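Structure first, commentary second.
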Amino acid sequence: MKILFLNGPNLNLLGTRQPEVYGPTTLPMIEASVRQRAAVLGVEVEFLQSNFEGQLVTWIQEARGQFDAIALNAAAYTHTSIALRDAISAVELPVIELHLSNIHARESFRHTSVIAPVCRGQISGFGVGSYILALEAAVIVKQLA
Ligand code: DQA
């Protein structure tokens with residue numbers, strides 16, 4: 001089983017970016033935690049980050065036939081990107097939406113996720129744990145398929 005982790009804009013700054021909201025952990029540290037858990041589960045993972053909407057769209061398109069599921073932290077594009085939503089619909093893979101922070105407990109513009117209706121489910125608010133839970137969710141989705 002292969003799971004693609006996609007990370008959107010500004011997540012490359014984790015560790016120094018608003019640590020009171022996102023915690024002290026950097027993206028490479030999160031990737032290491034995900035890989036550790038993936039090894040236990042016997043799952044392969046790929047971990048990518050881009051600040052560019054089109055790059056994320058391309059990676060979602062290319063995941064077809066290459067991956068069993070996508071764990072997606074679309075960051076701010078969560079709230080705006082119909083292009084990401086359309087790519088998710090088109091690719092016909094289970095996509096787990098994930099967020100470090102609880103987007104529903106923050107500013108009202110973060111309460112709306114335009115990708116949520118086309119994702120398999122949403123994990124929000126568990127910090128680094130959201131990534132681990134997204135991995136577990138992807139595995140469960142495939143096992144129950
Ligand atoms: C985020 C939440 C988004 O609202 C925000 O724009 C981010 C990160 C999270 O992981 O909590 O960049 O997706």
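Every number for a ligand or one of its atoms is a count from 1 in the order of the listing. Atom set for the values below is all heavy atoms of this structure, side chains included, hydrogens, waters and symmetry mates excluded. Every value quoted in this text rests on a predicted model; they were computed, and no experiment measured them.
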Kindly assign one of parallel, tilted or perpendicular to the pair H104 and H111, based on the angle between their ring planes and the thresholds 30° and 60°.
tilted
Side-chain donor or acceptor of R64 paired with backbone N/O of A90 under 3.5 Å
yes
Among all protein non-hydrogen atoms, which one is nearest to atom 5 (C) of ligand 1, and what is the separation to 0.1 Å?
R110 NH1, 3.3 Å
Counting from 1 in the order shown, the ligand 1 atoms closer than 4.0 Å to a non-hydrogen atom of H79 are 3 (C), 4 (O)
Under 4.0 Å between a Lys/Arg side-chain N and an Asp/Glu carboxylate O for K2 and E46?
no
What protein heavy atom is closest to atom 10 (O) of ligand 1, reported as residue, atom name and distance in Å?
L100 N, 2.8 Å
Nearest protein heavy-atom contact for atom 7 (C) of ligand 1: which residue, which atom, what distance?
Y22 OH, 3.5 Å
Closer than 3.5 angstrom, by distance alone: can the side chain of N73 be matched with the main-chain N or O of H99 as a donor-acceptor pair?
no
N or O contact, I103 vs ligand 1, cut-off under 3.5 Å:
no
Which of these passes side-chain contact (heavy atoms from CB on, under 4.5 Å) with Q55: T58, N51, V57?
T58
Any nitrogen or oxygen of R17, main chain or side chain, under 3.5 Å from a nitrogen or oxygen of ligand 1?
yes
Sub-3.5 Å donor-acceptor pair from the side chain of S130 to the main-chain atoms of L98, do we have one?
no
Quick one: which ligand 1 atoms are inside 4.0 Å of a heavy atom on S101?
2 (C), 9 (C), 11 (O)
Judged by non-hydrogen atoms, does N73 sit under 4.0 Å from ligand 1?
yes
When every non-hydrogen atom of Q49 is compared with those of N10, the smallest separation belongs to NE2-N, 4.1 Å
Atom 1 (C) of ligand 1: which protein heavy atom is closest, and how many Å away?
H99 ND1, 3.7 Å
